[in-house]
Amino acid sequence: MKTASLHSMPLANQSPPHRPAKILNPHYWLSALFAVLLIPALRSQHLPLKFDWITLSVAYWLILAAQSIFVAALLSLIGLPHERVLSPLLSRYRNAPIRIPAVAIFFLILIFTTSGLKAIVLTVDAVALLELLERNQSQRRQSLLAVLAPAAYFFFGFLLVLAYNSVIASARYPFAADPVLFSIDRWLLHGHSVSDLAQWAVQSLPLGFLRALELIYFGMFFQIGATIIIVALSNGKTEALRFVGTILTSYYLALILFYVWTAKGPYYLLPTDTSHLSASLQTYSIQRTLIEHALARWHHEPLARISADYFIALPCMHIVQPLIVLWFMRRWRRIALVLAAYDAVLLAAILLLEWHYVIDILVGVLVAACAILITAGTLFRESHTNPASAGVLR
């Protein structure tokens, strides 16, 4: 007994157990490197270190945030256990029925001041945010930080991407690789092209279907915000930062590829005749504007502020980002299935609206796999949860 007691007592001169040093995930180093090199890169092309803060902030922190919360709420209802998501909410409203007319009045006010869709989105957002704050009163600050920290990191990283995007378009002819990519597509499609598909779509498909494809295409970004919210509240800030870091790593890889193969997309070489759709769809006017802005960067026309211009064709980030989302949401099978179905329609929208070559999509799959391997694979493992902030949706 005495021997056992001696062995169980800590020795005064015994050193604490060795803990391996925590390796910072590579995406932080990549972000830091791109940030440090940004000013010299901008100066080399006589571009301003100024951003269109109002436009970018409103688009990201208000519009995208509101829509991402809405999508996160819907995905949570679809894929998370109802006894953890829906049942507590219904119980709270049964215990305090005064909440029901309050929400109804809020919804009616929004109906008369905005539109039906905006009223639904903002009402769901309000209910979801109030439920989150009430459910996690003891850790409100940690929960908000778990979401806001990766959201701010993504905003910072995307500003870097927009800036380098303009730098590359100024330094290298933005359409140099378009003929090569077009030829590769001709070979992949046995003599046809994405422009042929787009021309068929414009002539054969109803306007309502094209509008739906347009909504699907631009709605891809809501997946990013919704995933940040769900991963942060389920697995913690560390995992949400890893997700954002994987997205940003894929963007950094895309910038490198864009520098090597500068291309804008099939709508540059063989633009589809869409004159009769110009008043109904935003896609084609946006494409023309992007071509004009890319040419302006190449000709070094004065630029007051860096805004939301995006010129990268290869790889297709509209495929890269959904694949990364699916990787991080794979533990919730029903959510992953819903997102996969959405992405299948998104693929059709990318091609039929003439946004990318087929080869852009194939390279996008490889870029997504590389980004996941670098930041979310087994090479650099970190804790998947942050006990101080995770667990609200678990």
Side-chain angles (χ1 to χ4, degrees), residues 27 59-60 63-65 67-76 78-80 150-151 153-155 157-158 161 194 212-232 234-235 239-255 257-258 265 283 308 310 312-377:
H27 64 80
Y60 185 85
I63 298 175
L64 180 60
Q67 293 165 336
S68 297
I69 294 171
F70 177 77
V71 173
L74 292 184
L75 292 177
S76 297
I78 291 171
L80 300 182
Y153 181 34
F154 185 61
F155 185 66
F158 195 64
V161 173
V194 171
L213 289 181
E214 189 176 62
L215 290 175
I216 291 292
Y217 182 84
F218 293 114
M220 184 278 299
F221 298 102
F222 311 148
Q223 292 189 38
I224 311 298
T227 303
I228 290 175
I229 295 170
I230 293 175
V231 171
S234 298
N235 289 9
E239 188 69 357
L241 285 169
R242 189 202 304 273
F243 164 69
V244 170
T246 307
I247 294 287
L248 292 181
T249 298
S250 69
Y251 267 118
Y252 301 149
L253 295 174
L255 287 172
L257 290 173
F258 182 49
T283 295
Y310 183 81
I312 302 173
L314 178 79
C316 174
M317 294 302 294
H318 264 67
I319 287 297
V320 174
Q321 294 175 96
L323 289 177
I324 294 174
V325 165
L326 287 175
W327 172 263
F328 279 85
M329 300 288 267
R330 67 192 187 281
R331 61 173 290 196
W332 298 290
R333 185 178 180 184
R334 282 178 291 181
I335 293 179
L337 289 175
V338 170
L339 291 176
Y342 181 97
D343 295 340
V345 182
L346 174 62
L347 179 61
I350 292 169
L351 296 175
L352 295 181
L353 295 178
E354 207 174 1
W355 278 106
H356 284 277
Y357 302 104
V358 173
I359 188 62
D360 298 343
I361 295 171
L362 299 179
V363 174
V365 175
L366 296 178
V367 169
C370 289
I372 290 171
L373 180 64
I374 292 171
T375 64

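Contact record, Val71 with Ala226: CG1-CB, 3.7 Å, taken as the closest heavy-atom pair. Across all non-hydrogen atoms, the minimal contact from Ile350 to Cys316 is CD1-SG, 3.8 Å. Among all heavy-atom pairs drawn from Val244 and Pro150, the shortest one is CG2-O, 3.5 Å. The two atoms that bring Ile335 and Gly79 nearest to each other are CG1-CA, 3.4 Å, heavy atoms only. For the residue pair Pro322 and Met220, the shortest heavy atom distance occurs at CG-CG, 3.7 Å. Contact record, Leu257 with Leu314: CB-O, 3.9 Å, taken as the closest heavy-atom pair.
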Checking side chain to side chain contact (heavy atoms under 4.5 Å, CB included) for the pair Val320/Ile247: CA distance, chi angles, key distance, verdict? CA-CA 8 Å; Val320 174; Ile247 294 287; over 6 Å; no
For the pair Thr249 and His27, evaluate side chain to side chain contact (heavy atoms under 4.5 Å, CB included) and give the outcome as yes or no after the intermediate values. CA-CA 6 Å; Thr249 298; His27 64 80; 3.4 Å; yes
Could you go step by step and tell me if Trp332 and Ile230 meet the side chain to side chain contact (heavy atoms under 4.5 Å, CB included) rule? CA-CA 10 Å; Trp332 298 290; Ile230 293 175; 3.9 Å; yes
Applying side chain to side chain contact (heavy atoms under 4.5 Å, CB included) to Thr227 and Met329, what does each step give before you reach the verdict? CA-CA 7 Å; Thr227 303; Met329 300 288 267; 3.8 Å; yes
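Within the model, atoms CD1 of Ile228 and CD1 of Ile69 stand 11.5 Å from one another, a figure rounded to the nearest 0.5 Å. The distance from the OG1 atom of Thr246 to the CD1 atom of Ile374 is 9.5 Å, given to the nearest 0.5 Å. Thr283 OG1 to Leu353 CG: the interatomic distance, rounded to the nearest 0.5 Å, is 4.5 Å. Taking CG of Leu248 as the start and CZ of Phe158 as the end, the distance is 10.0 Å to the nearest 0.5 Å. Interatomic distance, Tyr217 OH to Leu351 CG, rounded to the nearest 0.5 Å: 10.5 Å. Going from atom CD1 of Ile324 over to atom CD1 of Ile224 covers 7.5 Å, rounded to the nearest 0.5 Å.
Just one residue in the list His318, Gln223, Gln321 forms a side-chain hydrogen bond (donor to acceptor under 3.5 Å, both in side chains) with Asp343, and that residue is Gln223.
Side-chain contact between Phe243 and Val325 is present, with heavy atoms from C-beta onward closer than 4.5 Å. Under the 4.5 Å side-chain criterion, counting only non-hydrogen atoms from C-beta, Tyr251 is not in contact with Ile312.
Within the 3.5 Å criterion, the main-chain N or O of Gly265 finds a donor-acceptor partner in the side chain of Tyr357.
Partners of Gln67 under the side chain to side chain contact (heavy atoms under 4.5 Å, CB included) rule, at least two apart in sequence or in another chain, are Ile63, Phe222.
Under the 30°/60° scheme for interplanar angles, the aromatic rings of Phe154 and Tyr60 are found to be tilted.
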